[in-house]
There are 2 protein chains.
Amino acid sequence: MKDVAARAGVGLKTVSRVVNGEPGVTPDTVQRVQSAIEALGFRRNDSARVLRKGRTASVGLVLEDLADPFYSSLSRAVEEVARDHGSLLFTGSSAEDPEREQELALAFCARRVDGLVIVPASQDHRYLQPEIAAGIAAVFVDRPAEQLEADAVLTDNAGGVREGVTHLIRQGHRRIAFIGDQRRIHTAGERLRGYRETMADAGLPVDESWVSMGPTAAERVQAEVTRMLQGPEPVTAVFAGNNRVSVTALRVLVNQPRPVALVGFDDFELADLLSPAVTVVAQDPARLGRTAAQLLFRRLEGETGPPQRLELSGRLIVRGSGEVAG
Amino acid sequence: MKDVAARAGVGLKTVSRVVNGEPGVTPDTVQRVQSAIEALGFRRNDSARVLRKGRTASVGLVLEDLADPFYSSLSRAVEEVARDHGSLLFTGSSAEDPEREQELALAFCARRVDGLVIVPASQDHRYLQPEIAAGIAAVFVDRPAEQLEADAVLTDNAGGVREGVTHLIRQGHRRIAFIGDQRRIHTAGERLRGYRETMADAGLPVDESWVSMGPTAAERVQAEVTRMLQGPEPVTAVFAGNNRVSVTALRVLVNQPRPVALVGFDDFELADLLSPAVTVVAQDPARLGRTAAQLLFRRLEGETGPPQRLELSGRLIVRGSGEVAG
DNA sequence: CTGAAAGCGCTTACAG
DNA sequence: CTGAAAGCGCTTACAG
């Protein structure tokens, strides 16, 4: 910039004005500065700019796995909102590892992102307290913050499961399995709660052998589903706690002699093309992301007030697998 | 930092040493500085750091659509490599819009990313010349740079299609459709070339009504496949130019009275669970991303030499839909 | 309309 | 082992 000023024979401030398109410069001067910029191949260094101004016009997104279709849709939505607000987006996957979440979030903070959107992996978000105190906005999405009062945008997990399980009960099922993700994950716990409450409300007992919580690795899910289909009183329906469970459960059910009903949490591509097509309780990941990002930018624009918790509802999509009679 | 120094009663440089874990500070002094840091809630500002040091320890990734499973796998792989090198990742979707690609790439450059990984949407990458001259490394992935000599990591698209089409010919098909993406997209052109060459090598004529290039919107693909299945001499097999085309084609084929063979470019989740399961020529998006990112970091570590073009091969996965006899 | 000075928060030589 | 000075490349008041 100094070189540009020298070459154009003007002051530093004038170059700054031209570069930023500020008014109050003679067209003639603008011209001279422009030529100098081109001749020298000048490119403004935004790091220096950031140092002087408060905002960096960037936000950070920490999520579970960028390669998971659910989170990649969410990311894309966050990206669009950030773009609308002139912000760039840092992304990072925590891989469900609390330390990695913290590492990423703090690294983004050290770069002085204006705000963070976080899908929590950690059980304790107090490490963000100093950052938030220093003015970085944080919105949690898909799961709430732990040990920290903060904005959160969630799906009504228990309510969604309630819809799905009620649907199975209406088809005549009594012995309904619930296969979910690890208990410590907030969404998994909420979904399990939805299942238990619905069964209780319908006056149906739950045999603990019908419930299985743990990693969604195919081997585990496959073993559990297989086990539940054996014995004198096998389950006649399966509620799958997320899309990964659904897919694995489906692979098992397809090979069963008698039909078993399936309803899954989360929609997934091609669910309608499978046979039977899969009935699901769909979340809207793009809407989750969009809502969270919009809330974040409202905070950045100065909206104060207590932390908000927004809940989006799930939607039952009937396709066939959930309508197998019990 | 100044405040920390004052409070600890030491010089600025000493604080810097402690913050960066540099040697040459008495444990006693370290202790005092640490307490001051905690008391003041000090957080190092990496923007200032970046301004002094050369590197920003960040890279930018511009791709087509973060929500597309192909690109989200690629992103995740780039992210992992960046992480291994201590770098953060900016991501942005061009949505196949050349201007948006340029906007994103230049915005990343203004933030002084160390390097860029780009899935091109633009037909002219000369706009990056000044950035590259200024020391920003750039590696193109999935598609090569246009009008610019640069590193690129690609799939052997023509070769992959050759494998798939040869497979169909072996099953006895003669009238094989090719439905691809827009012609201006490099990969689409290469795949079409693979199709034409394979047909020619087998001595099979290509009726131009069997070839359709254009947007992968479901409506267009559906109309084209339907059209090709009509008339006295309909096609007996379809080669789908990418995963989106495959899915739509499949929806049409499922409703046909007589079986029609299908081979698709790109693998996709659940392809094996459909009936028939879909035979594909699979790319490895994670490997594309990893390879590109590794090349980028090698450049950043000082590897010189002419631009490289790496080609990964596709892999035919036989599942059923491609084995329908012709 | 234009510019010189001060400062954002750090690091890099350099000196003690 | 420790620190004062200069500077990274910009912007923010302020003065002309």
Side-chain angles (χ1 to χ4, degrees), chain A residues 1-34 36-37 40-58 86 106-114 130-131 134-136, chain B residues 1-34 36-37 40-58 86 106-114 130-131 134-136:
Chain A
M1 198 145 170
K2 205 175 52 189
D3 298 342
V4 173
R7 187 182 178 112
V10 300
L12 258 183
K13 177 58 201 167
T14 302
V15 177
S16 175
R17 285 201 183 89
V18 173
V19 169
N20 294 308
E22 285 167 29
V25 186
T26 338
D28 190 56
T29 314
V30 172
Q31 195 48 252
R32 275 218 316 291
V33 174
Q34 293 284 21
I37 286 176
L40 270 49
F42 168 79
R43 304 138 60 239
R44 182 175 70 192
N45 184 333
D46 277 8
S47 303
R49 176 162 224 242
V50 153
L51 191 55
R52 277 301 320 208
K53 311 191 80 120
R55 294 279 166 87
T56 58
S58 60
L106 291 179
F108 293 158
C109 289
R111 300 301 176 92
R112 292 295 187 273
V113 291
D114 299 327
E131 309 299 332
I136 289 183
Chain B
M1 198 146 171
K2 205 173 53 191
D3 298 342
V4 173
R7 186 181 181 112
V10 299
L12 258 182
K13 177 59 200 167
T14 302
V15 178
S16 174
R17 284 199 184 91
V18 173
V19 168
N20 295 306
E22 286 167 29
V25 186
T26 337
D28 190 55
T29 314
V30 173
Q31 195 47 253
R32 277 219 314 291
V33 174
Q34 293 284 20
I37 286 177
L40 270 49
F42 168 78
R43 305 138 58 240
R44 182 177 69 192
N45 184 331
D46 278 10
S47 303
R49 178 163 223 244
V50 153
L51 191 56
R52 278 299 322 207
K53 311 190 77 125
R55 291 279 166 87
T56 58
S58 61
L106 291 179
F108 293 157
C109 289
R111 299 303 175 91
R112 294 296 188 271
V113 291
D114 299 327
E131 308 298 332
I136 289 181

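Quick note on labels: first sequence line is chain A, next is B, and so on, each numbered from 1. Note that this is a predicted model, so its numbers are computed, not measured.
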Open item on the list: Please give me every residue in residues 18-33 of chain A whose heavy atoms get under 4.0 Å of an atom in DNA chain D, ordered by residue number.
Closed with: A:N20

TODO: Could you list all the salt bridge (Lys or Arg N to Asp or Glu O under 4.0 Å) pairs where at least one residue sits in residues 15-27 of chain B, not counting sequence neighbours?
DONE: B:K13-B:E22

TODO: Evaluate the side-chain proximity of B:V4 to B:R7: yes if any heavy-atom separation is below 4.5 Å, no if none is.
DONE: no

Open item on the list: Is there a side-chain contact between B:R43 and A:I136 in this structure, where contact means two heavy atoms from C-beta onward sitting under 4.5 Å apart?
Closed with: yes

Task: B:R44 and B:D46, any side-chain heavy atoms less than 4.5 Å apart - done: yes

Which donor-acceptor pairs under 3.5 Å do the side chains of residues 47-55 of chain B make with protein atoms, sequence neighbours left out?
| unit_1 | atom_1 | unit_2 | atom_2 | d |
| --- | --- | --- | --- | --- |
| B:S47 | OG | B:N45 | OD1 | 3.4 |
| B:R49 | NH2 | B:N20 | OD1 | 3.2 |
| B:R55 | NH1 | B:L300 | O | 3.4 |
| B:R55 | NH2 | B:L300 | O | 2.8 |

TODO: Could you check how far NZ of A:K2 sits from C1' of D:dA6, rounded to whole Å?
DONE: 12 Å

TODO: Select base, sugar-phosphate, or nothing to describe what B:R112 touches, counting heavy atoms under 4.0 Å on all strands.
DONE: nothing

Task: Whole-Å distance separating the CZ atom of B:R111 from the P atom of D:dG9 - done: 18 Å

- [ ] Calculate the interatomic distance between A:R55 atom CZ and D:dT11 atom C1'; express it in whole Å.
- [x] 17 Å

Task: Rounded distance in Å - CE (A:M1) to C1' (C:dG3) - done: 12 Å

TODO: Please state how far atom CG in A:L51 lies from atom P in D:dG7, giving the value in whole angstrom units.
DONE: 17 Å

Task: Under the side chain to side chain donor-acceptor pair (under 3.5 Å) test, residues paired with B:T56 that sit two or more places apart - done: B:S58, B:D114

Open item on the list: Rounded to the nearest 0.5 Å, what separates atom CE in B:M1 from atom CG in B:L12?
Closed with: 6.0 Å

Task: Pair A:T29-A:V18, side-chain contact (heavy atoms from CB on, under 4.5 Å): steps then yes or no - done: CA-CA 9 Å; A:T29 314; A:V18 173; 5.8 Å; no

Task: Length of the line joining B:D46:CG and C:dG9:P, which is rounded to integer Å - done: 14 Å

- [ ] Let me have DNA chain D in dot-bracket notation, would you? Count Watson-Crick plus G-U wobble pairs, both distances under 3.5 Å, and use [ ] for pairs crossing earlier ones and | for inter-strand partners.
- [x] |||.||||||||.|||

Task: Atom-pair distance (NZ on A:K53; C1' on D:dT12), nearest Å - done: 9 Å

Open item on the list: Could you tell me how far apart A:L12 (CG) and C:dA5 (P) are, to the nearest whole angstrom?
Closed with: 11 Å

- [ ] Pick base, sugar-phosphate or nothing for B:V50, based on heavy-atom distances below 4.0 Å to the nucleic acid.
- [x] nothing

Open item on the list: Testing the basics here: between B:A36 and B:A8, what is the closest heavy-atom pair and its distance to 0.1 Å?
Closed with: CB-CB, 4.0 Å

Task: Ionic contact status for A:R32 with A:D28, cut-off 4.0 Å - done: yes

- [ ] Spell out yes or no: do the side chain of A:R49 and the base of D:dG9 have one donor N/O and one acceptor N/O closer than 3.5 Å?
- [x] no

Open item on the list: Between A:V30 and A:T26, is there a side-chain heavy-atom distance shorter than 4.5 Å?
Closed with: no

Open item on the list: From the set D:dC8, D:dT2, D:dC10, return the single nucleotide nearest to any side-chain atom of B:T14.
Closed with: D:dT2

- [ ] Kindly say if B:S16 contacts the phosphate of C:dT11, meaning a side-chain N or O under 4.0 Å from OP1 or OP2.
- [x] yes

Distances for protein N/O vs nucleotides 13-16 of chain D N/O pairs under 3.5 angstrom?
none

Task: Side chain B:R44 and base C:dG9 donor-acceptor under 3.5 Å - done: no

Open item on the list: Quick check: closest heavy atoms across A:E131 and A:C109, and the distance to 0.1 Å?
Closed with: OE1-CB, 3.3 Å

